[in-house]
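Quick notes on the structure that follows.
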Amino acid sequence: MILSKYKILTMAVLAVAAFAILAIGITAENDAASVNDYSSDPILWIYGNADGDYDIDSNDVAVINAVIAAGGTAAAYPWCDANNDGVIDSDDATYVNSMINGTAKVLYYLNIDNKVCSFKVRDHMNIVSVNQCNLQTVNLLMNKDSQSKVVGGDQQIYKYNRVFNLTFADKPANGVLKTGEKNGVVEDEIIYTLEAYYGHVEITLGSIARYGTQLEEKFGDDENISIVRLPSWEDNTLEGVMTYGYLFGGVQKSTFWTQAVAYYDWYMKYFGTIEKEVAKISESARPNILTMYVKDCFDGATNQVLSTTSGDYERSELCGGNNVGDFFGTGYVDVTAEDMAACQASKGIDIIYVEPSGVYGDGGKEYVTKSVQLCIDEFKGYISEKTAIYSLSFMATTAAPCVVGYVFWAKTMFPNNAAFAKWNVDDVFAEYLAMSGWADRTDISDIVSYGPGYAKEESSGSSTTYIIIAVVAIIIIGGAAYFFTRKKP
Amino acid sequence: MVIGKKKTIVTSDSDVSHMFTEYRASRAKKAMAIILMIVALLIASIYGLSVGSYPIDFVEVYNIVIDHLFHLDDPLTTTDERVIWNTRMPRLLFAIVSGAGLAVAGAAMQSMMKNPLADPYTTGISSGASFGAVVAIAFGISIGSISTGTTVLAFFFALVPAAVILLLSTFKKTSPSMMILAGLSVMYIFNAMTQYMMLVVDSETMEAAYQWTIGTLNKSSWSTLPIMAIVVIFGSLAIMNMSKYLNAMNSGDNYAKTVGVDVKRIRIIILVLVSVIAASIVSFTGIIGFIGLVSPHITRIFLGSDNKLLIPGSLMVGALVMVVCDIIAKSFTTTALPIGIVTAFIGGPVFLTLIIRQKKEVW
């Protein structure tokens, strides 16, 4: 039977539509099974944290009982579903009680990628930490735990190993992963060897979009390997610290948990005050701020502005500034001097915070000073001479020590605020170092900030380097061409 | 009397005068085409100077330009002046010089290799430059600054493929196919090394390295422009000077040898010139594709394949295309799109159209 072309076309369209409907159905079903949307933003991302605060206690049991009495569903009250069975009933209240009295064996939590995960409660941790920001969080939490250790990390951590001064296992093979970064290439054998040697391994890292993209595929079914994706700089740092702390030590009430609580108190001492003070300040009184990387003070060769959607949670706008980075677009945006002039003309820029990089330990003062000067050299004449330019050590802006950044930004944005005036940035940094067990170290710079600088100093630039190199290159090339092309006698 | 492939027997003075009339008409058309190219480039440049994220009135733009041209020693005192003179003017000139250079290099490569798909990157220049840039960014190699170090390493590594071909030429005959194959081999090696570097570096470094490869005019400045301009101008003049040899080589190596052209030597000289021009551009701008490939084809439509006209014509068309792409790049968002993306978006369809419509006898 010969089909007409119209029949063939109709059949093709129907086949595509059927396939699409099937795909949507499968995808939707999987989404429903693996992702729980939550309507509120709890501090602890652990199921059973019914009241959304930073601890699991009898208040959570009371909330669950109230929800049961009201006939609430897991869809409407996801955090009440402590045992993750899809139903809110007395079993959830019992489960929370087991978490409180230390007998729970498994915890259910939401990870940074919005997936519901389970975590086997252990008496100590063997941590493989991916990325230095994650390691800062982990290090702070395990500072007082003598049994837990960091058994491995990715190559980026080894770059800063001198600063973190953590002892990695010398068996086996120093536990170095291949890059656990965006392309997610991980040395399988290292992980399996670590598991065999230590019995169990906890891999801590950020979102799957950035870190260890293949880990779940390779190790997701192994019950002795836990892959725990929580924020250290992405999303909310505090919530990441608290959730790590509870997972690793909340049920056991170990030092992991007491460190997390101590961190919470320290964090809220400063950030809570900042939030209260900023709430009193009108929108018009808030400065217009930009946070950016300036080329040459960073590994990159371009100027990058961080807008409010950059993904970095420790942003200065949390401390009361109006982030005008959105003028340039979303995410990280490459900007020229003219773009800065356009923003200055359109929105006005009161403060620029320049983020240097690679400022772990010594060289901190040199980096922050250089960063401000580079910004001045790059944008002098394009931004206002009244725009204040500051720089803060990278270490003080990201992950667990981000509180240092909050204090710095609050003080520089509102220098006349009486509450902020009492604080000293170096003292806050020293408190963080003490909490992390680094108070006695002499290799971490005590100078974390520099500024303000203003774009009115004279700067000089020279193209002599280029000219010399170009001339040398032309001579070499010309000589080589002559050598190869001369007529031989 | 035999003319070309057709055997035409001239029988009268009227046939001769008809041929001369046609010849003069053809020359007039080409002259008109060249004038139009110059005018189009001027118009695009004038408009391009007024486009940017910082709002300045068109009339004000040219008031500033004219005023500053007559008072070059006076310092720039306002943001408007700095934006026009320190940002947009070097960027415009950067676009003109880089577009011209890439187009001339592309035309020379296509003529030398007798291959319509040849462009300045055929010998692996882009992969060498990418590798040099990634190495500089990954290891933070600084020569005065990290961006200078990146530029310098990109330049030197861009020349490595040409050096390899030069070395090979001492052992083997420098035929076009040999050059292309050698260039491909070097390109694969550099690509492999670049990919390895991208795997082992951290994500911020990888992002920075990737951004370099896209192709941008954001690095334009008065300090970097002269270097590129000197190399492009002298290189282009040298290539134009050799256009008669390229014309001879267009008819085949054997014919060229019979009229006294040292084919091997010319080929190597052209290769070196193209490599230096392309390397000097790529090291500052990153990889901007399609200009070197498409501009000579567009030029051939109007001016034919005579390299005496093709080379300078490509220069103008390349400059024009780059300026137009830069205007488009600056027009869509608050911050300009990387120009490499724009040239690829436009160049692809244009090249397809040329392939479909181009007459074979142009080659």
Side-chain angles (χ1 to χ4, degrees), chain A residues 131 154-156 159 178-179 181-183 185 210-211 293 295-305 327-329 332-346 357-358 374 380-383 461-463 465-467 469-470 473-474 476-478 480-481 483-487, chain B residues 52-55 76 79 82-83 86-88 133 137-138 140 142-148 150-152 155-156 159 162-163 166 169-170 198-208 211-212 216 218-219 221 223-224 226-227 230-231 262 264-265 268-269 272 275-276 280 333-336 338:
Chain A
N131 176 265
D154 67 2
Q155 289 185 338
Q156 192 171 18
K159 189 170 144 188
K178 210 64 174 164
T179 57
E181 299 287 356
K182 260 183 203 166
N183 292 326
V185 178
R210 292 173 190 268
Y211 304 106
Y293 297 108
K295 72 177 186 193
D296 292 341
C297 71
F298 177 49
D299 288 340
T302 59
N303 303 308
Q304 287 197 326
V305 166
F327 173 81
F328 302 101
Y332 292 86
V333 186
D334 181 15
V335 298
T336 62
E338 179 175 348
D339 299 326
M340 293 290 280
C343 183
Q344 179 75 59
S346 172
S357 183
L374 279 168
K380 187 173 80 78
Y382 296 91
I383 57 177
S462 165
S463 59
T465 309
Y466 288 125
I467 292 171
I469 290 164
I474 289 169
I476 291 171
I477 298 305
F483 174 75
F484 284 108
T485 62
R486 71 186 193 280
K487 289 186 171 140
Chain B
S53 56
Y54 185 77
L76 301 166
T79 303
R82 288 188 194 96
V83 165
N86 282 350
T87 307
R88 290 191 194 169
I137 293 169
S142 172
I143 304 174
S145 66
I146 291 176
S147 51
T148 309
T150 307
T151 303
V152 168
F155 179 78
F156 280 110
L159 295 174
L166 282 176
S169 69
T170 58
M198 298 286 237
L199 272 179
V200 299
V201 298
D202 55 74
S203 57
E204 290 97 351
T205 306
M206 189 168 69
E207 186 181 336
Q211 279 201 343
W212 185 93
T216 175
N218 283 355
K219 294 178 206 134
S221 68
S223 61
T224 54
I227 316 305
I230 288 169
V231 175
D262 185 343
K264 177 182 167 178
R265 184 164 168 265
I268 287 175
I269 292 172
V272 169
S275 299
V276 172
S280 70
T333 54
T334 309
T335 57

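Residue numbers begin at 1 in each chain, while the letters A, B, ... track the order of the sequences.
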note = Applying side-chain contact (heavy atoms from CB on, under 4.5 Å) to A/Thr336 and not counting sequence neighbours gives A/Glu338, A/Asp339, B/Asn218

ask   = For the residue pair A/Gly381 and B/Thr79, what are the closest heavy atoms and their distance?
value = O-OG1, 3.4 Å

request  = Kindly compute the distance separating NZ (A/Lys380) from CG (B/Asn86), expressed to the nearest 0.5 Å.
outcome  = 9.5 Å

request  = Taking all heavy atoms of A/Ala345 and all of B/Tyr54, pick out the closest pair and write down the distance.
outcome  = CB-CE1, 3.7 Å

ask   = Can you name the nearest heavy-atom pair linking B/Ser53 to A/Ala342, along with the distance?
value = O-CB, 3.2 Å

ask   = Does A/Ser346 have any side-chain contact (heavy atoms from CB on, under 4.5 Å) partners at least two apart in sequence or in another chain, and if so, which?
value = A/Phe327

